Amino acid sequence: MNPDGGGSSSSPPPPSASRGAGAEAKEEERGGKQVVVVLVGPPGSGKSTFADAVVAGSNAGRRWVRICQDTIGNGKAGTKIQCLKATSDALKEGKSVLIDRCNLEREQRADFVKLGSTLHVDVHAVALDLPAKVCISRAVSRKGHEGNLQGGKAALVVNRMLQKKETPLLTEGFSRIMSCNDDGDIKKAVDLYNALGPSDSLPSGIFCQKSKGPVQVGIMKFLKKGDTSTVEKSSGPKITLSETKPEQQKPLPKHEKVEEGMSCPMEIEKGLNDKNENEEHAKECDSDTAADFLQKFDNITYIRLVLVDLSEKSRILSLVKEKASKKSIDCSRFFTFVGDITQLHTKGGLRCSVIANAANWRLKPGGGGVNAAIFSAAGESLHHATKKCADALRPGTSVVVPLPSISPLHQREGVTHVIHVLGPNMNPMRPDYLKNDYIKGSKILHEAYNSLFENFASIVRGHMGKQNEKLGPEMSASGGTSPNDTKMKREDSHGSERMKKHKLLPPIMTVKQQHECTKANMPNYHDKSITSSAAPNQAREGDTKKSGVVASKTWGSWAQALYELAMHPEKYKNTDSIMETSDEFIVLKDLYPKAKRHVLVISRTDGLDSLADVKKEHLPLLRRMHSAGVKWAQKFLEEDASLVFRLGYHSVPSMRQLHLHIISQDFDSTSLKNKKHWNSFTTPFFRDSVDVIEEIEQHGSATASSDEKILAMELRCHRCRSAHPNIPKLKSHIANCKSSFPSHLLQKNRLTSS
DNA sequence: GTTCTAGAAC
DNA sequence: GTTCTAGAAC
């Protein structure tokens, strides 16, 4: 029978090379290959159900026993020692064991791993990674729980536990790790173990179940699409770096969200990989540099690295994968992907905004492999854009090329930047030929990856070259980034109409409508009287001049209110909503404040609707808007010193006309009603003004904007990051949460307080 | 039965 | 952006 039970992985079981002859003999004595399955999951994740289902449903002759700490002491709560003893006894009787305890921390499961290894038995981890809110709500509402953990107490416990969760790693000693993200995954995993006969073994390695889940599937969802079932023809391995936008986020307890990712083709190390013994060097370079890189971005930005290869059989891919797991790199932040790097979105379901190209030294489109494929997929515009940035590359260096929005690769796959990178050159026909100096080759390879990651970092965080801590003068240009080129495709709020190809025409008000607005004294956010009768979303012909095609958003009729105010503040001077007016901006009390204090600094520049429109020329304006915001925050602090303010923009605003939010972090407001409200101020969807300014200084555009998918993320406290099942519960939590703010908010004056 | 969310309409 | 409401979740 197939021990993989028709599951999602097609990898054949590896030879049990790690086991000595003695172990095999012991197995024979016991009459099979036993296994210890360590379940990993918080209360409410369904560990007991899982274990019971495996025990009850075993249909292949394997004997299973569930060991549950809650019941081990004659039905009463027991100790870990008792569990270990029971495990040992069961194994000696020839049974396989399911450890039914939370085991969320490495230390908690270490003894079981050790026991397995002492007895020469494989130890698997099955992580039940359901969304926190699912676990919480199940744990809270269950009745008659064996450990009596239910009701309100359960929510607290689950939250506390999830903060400490450590993802199981192969380095801990597990031979196989499987993670399940929804009930479907769990069912599959149960089936897999049920079908496991006494002599069968499951393939070792990490198996992320990536099925489509209901809501918070996040990265796992699109990883699923990387399943080896859609493998294409191989032309050699490649690593690709790309900025990855997952379809949806699954917040992880510690380093929360992953948002920006980069994929790179393995061809960077082409020369080195010609010889098998040098694969070691290559994988070291990949995973070491990746690990360092990810560590730098831990907790700061949602970064992901994706290693791409056309072939599932790639030896490099599996070596890197293995190495990465040993390096304790979070498998959701650095993972391998089988597929075509030029079709990551359309074929692979990955949203990679940045891809790395294993270029040639002349940065020519030709050649073969991934370079030719990327140039061909990206069209002429990549060639032109590349020429603008650099003429040639030295081995070990890389260059960022913003991909013009007319490029098919930009339009179809959402790629905004290509980073050309040149690895070591082992080809005697080329300059800088290294002969057979593989040590030097590895060094250059390392440099190449460093350069690549640095450049990727600069795209994500706007850190080109040296970090500039203050809002000082402009930094030097970043390789000719044109803001228009970096605009992302977006859909309108109904998701029905693709974005227009041209810049939009601001609506023209009819005389009658102007009259109505004046009469009302304030533009009504949802009153269609403000809407132009002249089709507000029509394209303006003359605006296509320079870069031609510009992705832009269509604005609904209700989205015009701020524009109207900014253009004609004098009409609304009688209201007390406008707090300040200047030539450049107005300051307005938000009509539906989401906190005790919530004001908007609205730019008065016509045509500047959102961050996507902001270019270097707007920097002085942005700095002055920021200063005005700080000034108002300070004014509010004089009235209430307990407030804390954050200044920032929405990545994708709902209302047109660029506006900066100044919002107190109490979020104490009846107008804060839903998940979108909450997440728009407490996830990376909210772009701190200081970061936006820095990005534009260094990049010429706001590059790290997050997309609207993030607004559907689960609800987490903005201070302690605990998860909550719904808005009312979240609000009652934040009313009392006294935790300090996450560390990244405490830096760079992202928070303003007294 | 009540609470809460999410999608449509504006 | 908000409001409204069907229907899911409790």
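Predicted model, so just to flag it, every value in this text is computed and none were measured. Naming: A, B, ... by sequence-line order, numbering from 1 per chain. Values reported hereafter were calculated over all heavy atoms of this structure, with side chains retained and with hydrogens, waters and symmetry mates removed.
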Engineer: Whole Å only: how far is the NE2 atom of A:His598 from the C1' atom of C:dG1?
Structural biologist: 11 Å
Engineer: Starting the side chain at C-beta, find the nucleotide from B:dA6, B:dC4, C:dG1 nearest to A:Lys675.
Structural biologist: B:dA6
Engineer: Figure out the CG/P separation between A:Asp609 and C:dG1, and round it to whole Å.
Structural biologist: 14 Å
Engineer: When all nucleic acid strands are considered with a 4.0 Å heavy-atom cut-off, which category describes A:Lys729: base, sugar-phosphate, or nothing?
Structural biologist: nothing
Engineer: Round to a whole Å and report the spacing from NZ of A:Lys673 to P of B:dC4.
Structural biologist: 14 Å
Engineer: Below 4.0 angstrom from OP1 or OP2 of B:dT5, is there any side-chain N or O of A:Lys133?
Structural biologist: no
Engineer: Distance check needed: B:dC4 C1' versus A:Asn726 CG, whole Å only.
Structural biologist: 7 Å
Engineer: CH2 of A:Trp558 versus P of C:dT3: gap in Å, rounded?
Structural biologist: 14 Å
Engineer: Quick check on A:Lys631: does its NZ atom have over 12 non-hydrogen neighbours (other residues, nucleotides or ligands) under 6.0 Å away?
Structural biologist: yes
Engineer: Between atom CG in A:Asn679 and atom C1' in B:dT5, what is the gap in whole Å?
Structural biologist: 14 Å
Engineer: Flag yes if more than 12 heavy atoms outside A:Lys731 fall under 6.0 Å of its NZ atom; otherwise flag no.
Structural biologist: yes
Engineer: Under 30°, 30 to 60°, or over 60°: which ring-plane class applies to A:Trp678 and A:His718, parallel, tilted or perpendicular?
Structural biologist: perpendicular
Engineer: Could you check how far NE2 of A:His677 sits from P of B:dA6, rounded to whole Å?
Structural biologist: 13 Å
Engineer: Is the distance between the ring centroids of A:His650 and A:Phe681 less than 6.0 Å?
Structural biologist: yes
Engineer: Using a heavy-atom cut-off of under 4.0 Å over every strand shown, decide if A:His659 touches base, sugar-phosphate, or nothing.
Structural biologist: nothing
Engineer: Rounded to the nearest angstrom, tell me the gap between atom OH in A:Tyr563 and atom C1' in C:dG1.
Structural biologist: 18 Å
